[in-house]
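Below you'll find the structure, written out as structure tokens, and then a few comments.
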Amino acid sequence: RGLMRDALEMAGKVVIVTGGARGVGRGISDRFLQAGARVVICGRREPESLPAAGGSEAEFIAADVRDPDQIDRVVTVTLERHGRLDVLVNNAGGSPAADAGTASPRFSSSILSLNLLASLNFSQRANAAMQTQESGGTIINVASVSGTRPSPGTAAYGAAKAGLLNLTQTLAVEWAPKVRINAVTAGMIRTEQSHLHYGDEEGNARVAATVPLGRLGEPRDVGNVCLFLASPLASYVSGANLLVHGGGEKPAYLEAAERTSTSSSRTG
């Protein structure tokens with residue numbers, strides 16, 4: 001236990017978490033703070049409260065990650081303040097529901113920019129700094145199950161997340177051996193925005209029942225995996241995609257077959 005705890009210790013490490021003030025991003029920020037890291041978060045609007053844990057508080061830099069100049073500012077300020085950058089977590093993303101048949105080109109471009117191009121641009125800037133460090137660095141891309149299965153209602157988002165997985169593999173080859181790049185494919189996570197997707201608590205419970213582990217994920221579940229990927233425990237892990245989805249989704253045919261079986265037994 002002591003050796004594992006030491007391996008997950010992040011004292012002296014500097015971490016940037018995009019969109020790190022709420023939801024999954026806050027869970028990731030909290031976990032790195034608990035491990036002793038100095039955490040810098042960015043977002044378009046300053047949050048009402050900053051992530052805080054382990055006696056430390058995250059630093060906030062206002063930035064729209066769709067703007068390369070603002071990305072550059074986040075990395076530049078972080079390096080000026082702390083002299084290094086060890087971990088980048090590309091977490092910022094998301095999409096409102098939109099019908100693929102009527103979504104405007106401008107909307108789709110914005111979603112692709114936020115969920116794919118921002119991660120590429122931020123990674124490029126972070127890599128430039130990490131390559132100059134003896135210890136290199138680690139980049140973690142937060143992907144989604146929407147990128148590995150059909151994503152009705154969020155087509156551009158699903159396509160962007162699928163692209164993020166390929167980007168992860170490609171950068172892991174191009175930027176090795178100094179920089180490791182991995183992806184975390186998150187499943188259905190309970191956040192302050194859950195009601196927009198799953199409805200009220202009853203709706204949450206029904207959705208959770210479809211997950212093999214019987215619950216929605218929590219932001220800390222994603223944070224734990226990000227911490228592992230950034231640690232020496234994952235020193236030979238690069239270009240990987242870790243599924244954090246509670247076992248995924250049960251195949252639809254199982255429920256249909258169960259209903260058919262139940263109906264047959266009642267009529268037999």
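Atom CZ of Arg220 and atom CG of Asp30 lie 11.0 Å apart (nearest 0.5 Å). Considering CG of Asp67 and CG of Asp72, their distance stands at 10.0 Å, rounded to 0.5 Å. Taking OG from Ser119 and CG from Leu164, the interatomic distance works out to 5.0 Å, rounded to the nearest 0.5 Å. Taking OH of Tyr157 as the reference point, atom CD1 of Ile111 lies at 9.5 Å (rounded to 0.5 Å). Separation of atoms CZ (Arg81) and CG (Leu79) is listed at 11.5 Å; rounding is to 0.5 Å. Gln169 CD to Asn182 CG: the interatomic distance, rounded to the nearest 0.5 Å, is 10.5 Å.
Residues Leu165 and Thr148 are in side-chain contact: their nearest non-hydrogen atoms beyond the backbone lie under 4.5 Å apart. A heavy-atom distance below 4.5 Å is not found between the side chains of Val77 and Glu59. Within the 4.5 Å cutoff, side-chain heavy atoms of Val184 are placed close to those of Cys226. You'll find the side chain of Phe122 stays beyond 4.5 Å of the side chain of Ile139, heavy atoms only. Considering only heavy atoms from C-beta on, Arg31 comes within 4.5 Å of Asn224 through its side chain. Here the side chains of Arg125 and Thr76 are in contact, with some heavy-atom distance below 4.5 Å. With a 4.5 Å cut-off on side-chain heavy atoms, Phe32 and Pro51 do not count as touching. Side-chain contact between Asp221 and Arg215 is present, with at least one heavy-atom pair separated by less than 4.5 Å.
Between Glu9 and Gly36 the shortest heavy-atom distance is OE2-CA, 4.1 Å. Nearest heavy atoms, Ala172 versus Ala176: O-CB, 3.3 Å. Across Val142 and Lys161, no two heavy atoms sit closer than the pair O-NZ, 2.8 Å. Between Ser135 and Arg84, the closest heavy-atom pair is OG-NH2, 3.0 Å. Gly25 approaches Val17 most closely through the heavy-atom pair O-CG1, 3.9 Å. Contact record, Cys42 with Val74: CB-CG2, 4.1 Å, taken as the closest heavy-atom pair.
With no hydrogens or angles considered, no side-chain donor-acceptor pair links Arg66 and Ser109 at under 3.5 Å. No side-chain N or O of Ser235 forms a donor-acceptor pair with one of Arg180 less than 3.5 Å apart.
The same ILVMFWY cluster, assembled from side-chain heavy atoms under 4.5 Å apart, contains both Met10 and Leu233. In terms of hydrophobic clustering, with Ile, Leu, Val, Met, Phe, Trp and Tyr side chains grouped at heavy-atom distances under 4.5 Å, Leu227 and Val14 are assigned to different clusters. In the hydrophobic clustering of ILVMFWY residues, with side-chain heavy atoms under 4.5 Å counting as a link, Val207 and Leu243 come out apart. Hydrophobic clustering, with ILVMFWY side chains joined whenever heavy atoms are under 4.5 angstrom apart, groups Leu33 together with Phe228. Val89 and Ile61 fall into different hydrophobic clusters, where Ile, Leu, Val, Met, Phe, Trp and Tyr side chains are chained together by heavy-atom contacts under 4.5 Å.
For the pair Asn91 (side chain) and Thr18 (backbone), a donor-acceptor distance under 3.5 Å is present. In this structure, the side chain of Arg190 does not engage the main chain of Gly217 through any donor-acceptor pair within 3.5 Å. Side-chain N or O atoms of Gln34 include none that pairs as donor or acceptor with a backbone N or O of Ala53 at under 3.5 Å. Under a 3.5 Å cut-off, the side chain of Asn115 and the backbone N or O of Gly94 do form a donor-acceptor pair. Within the 3.5 Å criterion, the main-chain N or O of Thr210 finds no donor-acceptor partner in the side chain of Glu249. In terms of modelled atom types and a separation under 3.5 Å, the side chain of Ser146 and the main chain of Ser151 share no donor-acceptor contact.
For the pairing with Thr168, the side-chain contact (heavy atoms from CB on, under 4.5 Å) check across Asn141, Ile140, Asn241 returns one residue only, Asn141.
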- Task: Start with the C-alpha distance between Val24 and Thr191, add both sets of side-chain angles, then the distance that settles side chain to side chain contact (heavy atoms under 4.5 Å, CB included), and finish with yes or no.
- Result: CA-CA 7 Å; Val24 170; Thr191 70; 4.3 Å; yes
- Task: Could you give me the CA-CA distance, side-chain angles and deciding distance for Arg38 and Thr78, then say whether side-chain hydrogen bond (donor to acceptor under 3.5 Å, both in side chains) is met?
- Result: CA-CA 10 Å; Arg38 288 171 287 181; Thr78 299; over 6 Å; no
- List the steps and the verdict of side chain to side chain contact (heavy atoms under 4.5 Å, CB included) for Val145 and Thr185. CA-CA 6 Å; Val145 291; Thr185 287; 3.9 Å; yes
- Message: Could you walk me through whether Leu171 and Ser123 satisfy the side chain to side chain contact (heavy atoms under 4.5 Å, CB included) test, starting with their C-alpha distance in whole Å, then the side-chain angles of each, then the deciding distance to 0.1 Å, before giving a yes or no?
- Response: CA-CA 9 Å; Leu171 298 185; Ser123 296; 4.1 Å; yes
- Query: After noting the C-alpha distance and the side-chain angles of Gln131 and Val179, does the key distance pass the side chain to side chain contact (heavy atoms under 4.5 Å, CB included) rule?
  - Reply: CA-CA 7 Å; Gln131 291 289 345; Val179 178; 3.6 Å; yes
